[in-house]
Amino acid sequence: MAQLTQVSRFSTSAANMIKKITVIGGGLMGSGIAQVAATTGHKVTMVDTSEDILQKSVKSIQASLARVGKKKFANDEAAGKKFLEDALSHIKPTVNIKEAVKDTDLVIEAIVENMDVKHKLFRELDQAAPQHTIFASNTSSLPIGKIAEVTSRKDRFGGLHFFNPVPMMKLLEVIRIPETSDETYKKLLEFGKAMGKHTVECKDTPGFIVNRLLVPYMMEATRMLERGDASAQDIDSAMKLGAGYPMGPFELADYVGLDTCMFIIDGWHKDYPENPLFKPVPLLQKMVADGKLGRKSGEGFFNYKKSSM
Ligand SMILES: CC(=O)CC(=O)SCCNC(=O)CCNC(=O)[C@H](O)C(C)(C)COP(=O)(O)OP(=O)(O)OC[C@H]1O[C@@H](n2cnc3c(N)ncnc32)[C@H](O)[C@@H]1OP(=O)(O)O
Ligand SMILES: NC(=O)C1=CN([C@@H]2O[C@H](COP(=O)(O)OP(=O)(O)OC[C@H]3O[C@@H](n4cnc5c(N)ncnc54)[C@H](O)[C@@H]3O)[C@@H](O)[C@H]2O)C=CC1
């Protein structure tokens with residue numbers, strides 16, 4: 001609270017605001033972040049490891065923009081088309097990281113939830129990006145302070161944790177580490193507001209606010225299924241109709257990605273082996289080993305393959 005009050009006394013001039021951003025990772029989250037940044041007046045470069053993946057990212061952004069545009073311009077097809085084309089024209093997909101960050105104000109990392117892979121990327125980014133560039137991670141569960149360790153700009157480092165699907169979910173958790181400067185933190189908060197998000201502040205603790213509550217809940221549901229207490233369909237119906245959740249725990253886990261859920265819980269268990277809430281879940285591990293990753297692979301707790309829909 002005291003930190004926020006102090007930060008709000010600084011003002012960021014228009015010239016100093018974040019305008020050019022680079023999103024690393026064009027998957028579920030990176031493509032959503034790139035999309036929303038583009039529709040809120042930012043110039044976006046989106047980086048992934050291959051042209052094929054980038055093509056898929058752009059396709060998913062197009063589909064999502066079409067849904068948003070249809071709603072926003074319900075009675076004006078031409079305006080909806082212009083909205084889509086304008087947004088896409090603000091997103092430059094590339095596989096060239098060095099080129100992507102050469103004059104960027106902010107890098108948002110949204111690659112796989114693995115510390116070694118994130119460290120390798122941030123070492124490279126630290127060499128390639130200009131001095132003024134702020135770095136942020138969209139990690140679901142890893143300590144921001146630990147990710148920042150490999151860079152020489154901890155004062156220009158923070159966490160920006162978005163929620164899936166990014167165009168629909170209003171929340172943004174903004175995390176600072178002890179070294180994050182007031183100026184950086186202020187810019188991150190202002191960027192979140194410019195993206196149209198409701199920002200909340202949280203310490204750099206496992207899962208921040210939402211995932212610290214949500215992930216143990218999804219894991220407990222999986223343990224319930226493992227014990228055979230109820231079916232996945234009935235557990236989902238119960239939580240939707242009995243607790244008012246928009247999705248049940250299994251529909252949600254499939255939506256997030258079962259690999260991501262497993263990386264989160266297994267990682268926390270490694271760091272906090274005594275905490276019973278973080279115990280690994282064998283059923284989840286088996287499903288991931290079998291390639292059942294949820295919606296993105298066509299099958300998870302439920303089946304999303306076209307023939308079965
Ligand atoms: C793991 C982490 O680190 C953190 C996380 O992200 S945890 C996950 C957090 N996310 C959640 O909890 C999501 C919970 N689910 C929901 O809120 C809702 O089910 C949902 C918004 C995703 C979809 O809503 P729904 O009513 O179930 O489905 P649906 O009717 O298809 O969509 C509702 C609206 O959202 C829009 N929408 C849904 N997904 C969209 C997308 N990706 N892009 C654009 N629009 C989208 C639809 O077009 C639809 O618009 P209309 O109301 O105008 O028709
Ligand atoms: N899935 C979810 O609901 C949420 C995930 N997150 C976090 O966001 C991050 C990304 O998650 P998702 O988008 O779900 O994963 P994803 O698997 O859909 O996408 C990751 C993308 O990163 C790319 N990638 C991997 N290494 C790369 C590198 N070195 N350079 C460039 N691109 C690289 C991959 O090719 C892939 O396209 C993770 O840290 C995750 O924990 C945060 C909020 C919600």
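Atoms within a ligand are numbered from 1 in the order they appear, just like the ligands themselves.
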**Student:** Quick check: closest heavy atoms across I235 and A221, and the distance to 0.1 Å?
**Tutor:** CD1-O, 4.0 Å
**Student:** Indicate yes or no: does an N/O atom of L28 lie under 3.5 Å from an N/O atom of ligand 2?
**Tutor:** yes
**Student:** Between K186 and E183, is there a side-chain N and carboxylate O pair less than 4.0 Å apart?
**Tutor:** no
**Student:** Please indicate, with yes or no, if any protein heavy atom is found under 4.0 Å from atom 33 (C) of ligand 1?
**Tutor:** no
**Student:** Decide yes or no on salt bridge (charged side-chain N to carboxylate O under 4.0 Å, His left out) for K270 and D266, but give the supporting numbers first.
**Tutor:** CA-CA 6 Å; K270 206 164 144 240; D266 289 0; over 6 Å; no
**Student:** Check each atom of ligand 2 against the heavy atoms of K296 and keep those under 4.0 Å away; list them by number with element.
**Tutor:** 17 (O)
**Student:** Please determine whether salt bridge (charged side-chain N to carboxylate O under 4.0 Å, His left out) holds for the pair K81 and E77, giving the CA-CA distance in whole Å, both sets of side-chain angles, and the decisive distance to 0.1 Å.
**Tutor:** CA-CA 6 Å; K81 195 163 170 257; E77 204 179 313; over 6 Å; no
**Student:** Taking 4.0 angstrom as the limit and counting only heavy atoms of F162, give me the atoms of ligand 2 inside it, by number and element.
**Tutor:** 43 (C)
**Student:** Have a look at D52, L54, I111, L121 and point out the one with the heavy atom closest to atom 24 (N) of ligand 2.
**Tutor:** I111
**Student:** Give the atoms of ligand 1, by number and element, whose distance to some non-hydrogen atom of V68 is under 4.0 Å.
**Tutor:** 44 (C)
**Student:** Measure from atom 28 (C) of ligand 2 to every heavy atom in V23, T49, T260 and give the option owning the shortest one.
**Tutor:** T49
**Student:** Is the closest heavy-atom distance from L214 to ligand 1 below 4.0 Å?
**Tutor:** yes
**Student:** For atom 1 (C) of ligand 1, is some protein heavy-atom partner under 4.0 Å away?
**Tutor:** yes
**Student:** Identify the closest protein heavy atom to atom 43 (N) of ligand 1: which residue and atom is it, and at what distance?
**Tutor:** S64 OG, 2.6 Å
**Student:** Starting from atom 35 (O) of ligand 1, which protein heavy atom do you reach first, and at what distance in Å?
**Tutor:** M168 CE, 3.2 Å
**Student:** Looking only at N/O atoms, are T139 and ligand 2 under 3.5 Å apart anywhere?
**Tutor:** no
**Student:** Any ion pair linking K82 and E85 (charged N to carboxylate O, less than 4.0 Å)?
**Tutor:** no
**Student:** Could you tell me whether some N/O pair between Y255 and ligand 1 is separated by less than 3.5 angstrom?
**Tutor:** no
**Student:** Take atom 27 (O) of ligand 1 and look for protein heavy atoms under 4.0 Å from it; say yes if you find one, no if not.
**Tutor:** no
**Student:** Mark up the atoms of ligand 2 that fall under 4.0 Å of a heavy atom belonging to G27, in ascending order.
**Tutor:** 13 (O), 18 (O), 19 (O), 21 (C), 37 (O)
**Student:** Does the protein put a heavy atom under 4.0 Å from atom 54 (O) of ligand 1?
**Tutor:** no
**Student:** Taking atom 50 (O) of ligand 1 as the reference point, report whether a protein heavy atom occurs under 4.0 Å from it.
**Tutor:** yes
**Student:** Does R295 make a cation-pi contact with Y255, if we ask for NZ or CZ under 6.0 Å from the ring centre and within 45° of the axis?
**Tutor:** no
**Student:** Could you tell me whether R156 sits above the aromatic face of F135, with NZ or CZ closer than 6.0 angstrom to the six-membered ring centre and within 45 degrees of the axis?
**Tutor:** no
**Student:** What distance separates F163 CZ from E173 CD, expressed to the nearest 0.5 Å?
**Tutor:** 3.5 Å
**Student:** Please check if a non-hydrogen protein atom sits closer than 4.0 Å to atom 37 (N) of ligand 1.
**Tutor:** yes
**Student:** Ignoring hydrogens, just give me the one of A100, S50, S140 whose non-hydrogen atom is nearest atom 42 (C) of ligand 2.
**Tutor:** S140
**Student:** So if I count the atoms of ligand 1 from 1 in the order they appear, which ones are less than 4.0 Å from some heavy atom of N211?
**Tutor:** 1 (C), 2 (C), 3 (O), 4 (C)
**Student:** Are more than 12 heavy atoms, taken from residues, nucleotides or ligands other than K296, located less than 6.0 Å from that residue's NZ atom?
**Tutor:** yes
**Student:** Could you check whether atom NZ of K279 has more than 12 heavy atoms from other residues, nucleotides or ligands sitting under 6.0 Å from it?
**Tutor:** no
**Student:** Suppose I only count heavy atoms of F163 and a 4.0 Å limit; which atoms of ligand 1 are within that range?
**Tutor:** 4 (C), 5 (C), 6 (O)
**Student:** Any salt bridge between K240 and E251, counting N to O under 4.0 Å?
**Tutor:** yes
**Student:** Test your reading of the structure: does E109 have an N or O sitting under 3.5 Å from an N or O of ligand 2?
**Tutor:** no
**Student:** Looking only at protein heavy atoms, identify the closest one to atom 52 (O) of ligand 1 and say how far it is in Å.
**Tutor:** K71 NZ, 4.2 Å
**Student:** For ligand 2, which is the ligand I care about here, please tell me if K118 has any N or O atom under 3.5 Å from one of the ligand's N or O atoms.
**Tutor:** yes
**Student:** Specify the protein heavy atom at minimum distance from atom 39 (N) of ligand 1: its residue, its atom name, and the distance to 0.1 Å.
**Tutor:** R67 NH1, 3.5 Å
**Student:** Quick check on Q35 - does any of its heavy atoms sit under 4.0 Å from an atom of ligand 1?
**Tutor:** no
**Student:** Under 4.0 Å from a heavy atom of N164: give me the atoms of ligand 1 that qualify, with their elements.
**Tutor:** 6 (O), 8 (C), 9 (C), 10 (N), 11 (C), 13 (C)
**Student:** Counting only non-hydrogen atoms of the protein, does one fall under 4.0 Å from atom 30 (O) of ligand 1?
**Tutor:** no
**Student:** Under 4.0 Å and counting heavy atoms only, is there anything from the protein next to atom 20 (C) of ligand 1?
**Tutor:** no
